[in-house]
Amino acid sequence: MRASSEISQPGATDPAHWIALGRLGDRIVAVALDAKADETTRVDLAPPEVAAWVRRRESPSLRWVWSDTPTWYADLLAEGVRVARCHDLRLCHAILRTPGGDGAPGDPSMSRAWDAAAVEVPATAPALFEIEAAATRPSLPEDIEDVLTEFRRQRAAVEAAENPGAIRLLVAAESAGALVAAELRAAGLPWDEAAHDEILTDVLGERDADGVPAKLEDAARRVRIALSDPSASLDSPPKLLRALHRVGVMVDSTSKWELSEHRHPVIEPLLEYKKLSRLQSANGWAWLDEWVHDGRFRPVYMPGGVVTGRWASSGGGALQLPRQLRGAVRADPGWLLVTADVAQLEPRVLAAMSADTALAAAARGRDLYAGIVETGAVPSRADAKIAMLGAMYGATTGDSGRLVPRLRRTFPRAMGLVDAAAATGEGGGVVSTWLGRRSPPPPPEWQAVQARASEPDAAAADETRARRWARDRGRFTRNFIVQGTAAEWALAWMADLRGRLAALPEVGAADAASRSGPVFATRPHLAFFLHDEVIVHVPAAHAERAADAVRDAAATAGRLLFGDFPIDFPLDLRVSRIADKG
DNA sequence: CTCGCACGCGCG
DNA sequence: AAAGCGCGCGTGCGAG
């Protein structure tokens, strides 16, 4: 190993606000920047020295600037190094770039190289800090000068924004989310393989020599009897549809909701077959074998993977785990799980965004839908729920569509906000979340179709098509502002929670070390996230303090986004060893 | 053979 | 009762 040649040694009083990491040939360069992003010192390091150097320079008041969090942080975590804050250039670029921007200095739309998609970091990839890996790095810029240039552009874009305070909060929250995602993968979700196997065997039955579970086989047999077709294909929708038609079940599709409207001996076993076969193919033994190792499920989370700002996931279906399998999520011995989800996050966010004090009052301290019933707007909780969902999704027909006007009378401000977002979208405009994430503009074809429909000689079909597409986009922008702001609240919640958990005491490795890797084996950590829900894995002795941290972080997130506006975010919170039991 | 798409269903 | 938003993934199947 070469000794590091430090171009200038930062002293103990060096007031670095940021340290940017980037490459220079086969070296790693760290550039310390002051509050104005002016360079103060520069250090060049051999890749194997990076983790130890970062550990030494880490401080809660410092923000690490790097191209892409999984690329840089996964290796740090593997080496036992946790950082408090970062600025993820790829994610923040996506927030700050202006489609069709003028390309002026400071406008990040000019830095196209940063539009790269998320970088996949396979579990088996060579470590970043190994020199050989450099050749296989992705297309995202990593050279230190590119990193510094983009960082300065982004800083300028933030300051030039309409509401710099909100955008500053958004890029900080987005970057914190990137740290959380990397840590969630590093720590993993504690998963009891034996419990999972027990659930599968219980639901699907014992597997025969060919690996076919008995109850699945039995359901298939009963379906074929009811169809009077011993060789009927049950997994091909077109073939199954024809077989159903032959026995007089005249459905238009093979979806379960349509099937359940019919009465015929084939319906019950077919619905059973579909349910079992889904569990088998999506989260059966093959999934367990592929995705769970050493007692951990390690999904790949993709922060910012959805246009609204929600996370997506890639591999393992992390965001679609059936509730049926929650019983396999079990804390390590001596540890507990704190499971918390926010009740009715989206309507609460809507109440705050629109400053609708009537809706906020209906929500306060209780079930929001019960509060809506108390206003007299609708007769039952079920009505309140489908009316509210209909308002946020843009329902126009059915029970939901009929109930929305009642909400419009009772909560005119909240409904006015989503209606306005829909109108903007229908007109081809761009809407923004509370903190300023912009919806994508309509594609050029959309514009062309609208233009054609408004020409004097437009055909009726052109007008119909244009109108339908405009309405589709209206429903998208209507939902965008609410879903996106809810995602921002969740990021703020996790970012604050992450800091509170890091401040809790560690346990001694001899007492109750878990299998959560070098950073998290002895301290409470986030283990799962699902839009409005978190699971924290915590040494049993600190479970109550972790639960308080989860609640306090929710309150803090509400104040961070909405200040003094009187909206609360009550949690359903449980402390348990198994994620599905109290 | 691989690839892209539609379907259906899991999650919020 | 099952439409109104956002996703990922396994499966079958036709196109190349």
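Convention: sequence-line order gives letters A, B, ...; per-chain numbering from 1.
- Here dG12(B) presents its P atom at 17 Å from CZ of Arg348(A), a figure rounded to the nearest Å.
- In this pair, Trp493(A) and Trp489(A) present their aromatic rings tilted. The plane angle is within the 30 to 60° band.
- Side chain of Thr477(A) to main chain of Ala421(A): a donor-acceptor pair is present (N/O by atom type, distance under 3.5 Å, no hydrogens or angles).
- Checking dC11(B), dA1(C), dG12(C) against the side-chain heavy atoms of Ser236(A) singles out dG12(C) as nearest.
- Counted within 6.0 Å of NZ on Lys274(A), heavy atoms from surrounding residues, nucleotides or ligands total more than 12; the atom is thus considered enclosed.
- Considering only heavy atoms from C-beta on, Phe529(A) stays 4.5 Å or farther from Val180(A) through its side chain.
- OP1 or OP2 of dG8(B) has at least one side-chain nitrogen or oxygen of Thr254(A) nearer than 4.0 Å.
- Taking the six-membered ring for Trp and thresholds of 30 and 60 degrees, Phe562(A) and Phe569(A) have nearly parallel ring planes, at less than 30 degrees apart.
- Ranked by how close their nearest DNA chain C nucleotide is to the 5' end, Leu389(A) and Pro237(A) are led by Leu389(A).
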Watson-Crick and G-U pairing of DNA chain C, under 3.5 Å, as dot-bracket with | and [ ]
....||||||||||||

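- With hydrogens and angles ignored, the 3.5 Å screen pairs a side-chain donor or acceptor of Asp88(A) with a backbone N or O of Thr69(A).
- Ranking dG10(B), dG12(B), dG8(C) by closeness to the Lys256(A) side chain, first place goes to dG10(B).
- Atom CZ of Arg242(A) is separated from atom P of dC13(C) by 9 Å (rounded to the nearest Å).
- Residue Lys275(A) places no side-chain N or O under 4.0 Å from the OP1 or OP2 atom of dC9(B).
- For the pair His531(A) NE2 and dG6(C) C1', the interatomic distance rounds to 8 Å; values are reported in whole Å.
- Of all nucleotides listed (dC7(C), dG4(C), dC9(B)), dC9(B) comes nearest to the side chain of Lys274(A).
- Contact annotation for Gly390(A): base contact, defined as any heavy-atom pair under 4.0 Å involving a base atom.
- To the nearest angstrom, C1' of dC7(B) lies 15 Å from NZ of Lys239(A).
- Ser439(A) contributes a side-chain N or O that, together with a main-chain N or O of Val431(A), makes up a donor-acceptor pair within less than 3.5 Å.
- Arg478(A) comes within 4.0 angstrom of nothing in the nucleic acid, heavy atoms only.
- The CD-P distance, from Glu258(A) to dA3(C), rounds to 9 Å in whole Å.
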Kindly indicate, with the supporting measurements, whether the criterion side chain to side chain contact (heavy atoms under 4.5 Å, CB included) is fulfilled by Val575(A) and Leu573(A).
CA-CA 7 Å; Val575(A) 178; Leu573(A) 182 148; 4.3 Å; yes

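- Within the 4.0 angstrom heavy-atom criterion, no nucleotide atom of any strand lies near Asp399(A).
- Looking only at distances, a side-chain donor or acceptor of Glu258(A) sits under 3.5 Å from a matching main-chain atom of Asp252(A).
- For the contact set between residues 280-290 of chain A and DNA chain C, defined by any heavy atom under 4.0 Å, the members are Ser281(A).
- Here Ser253(A) lies in heavy-atom contact (under 4.0 Å) with sugar-phosphate atoms only.
- Contacts of Arg475(A) with the nucleic acid, taken as non-hydrogen atoms under 4.0 Å apart, involve only primed sugar atoms and P, OP1 or OP2.
- Using a 4.0 Å heavy-atom criterion, one finds that Leu279(A) contacts no nucleic acid atom at all.
- With the nearest nucleotide of DNA chain C identified for both Arg310(A) and Gly316(A), Arg310(A) has the one nearer the 5' end.
- Using a 4.0 Å heavy-atom criterion, one finds that Gly305(A) contacts no nucleic acid atom at all.
- Nucleotide dA3(C) holds its P atom 17 Å from the CG atom of Asn479(A), rounded to whole Å.
- For Arg296(A) and Trp191(A), the positive end is not near the middle of the six-membered ring at less than 6.0 Å and at most 45° from its axis.
- Remark: P of dC9(C) and CG of Leu319(A) are 9 Å apart, rounded to the nearest angstrom.
- Judged by a 6.0 Å distance limit and a 45° cone about the ring axis, Arg473(A) is positioned over the six-membered ring of Trp446(A).
- If you take CE of Met392(A) and P of dG4(C), they are 16 Å apart, rounded to a whole angstrom.
- Closest to the side chain of Thr397(A), from the set dG6(C), dG8(C), dG4(C), is dG4(C).
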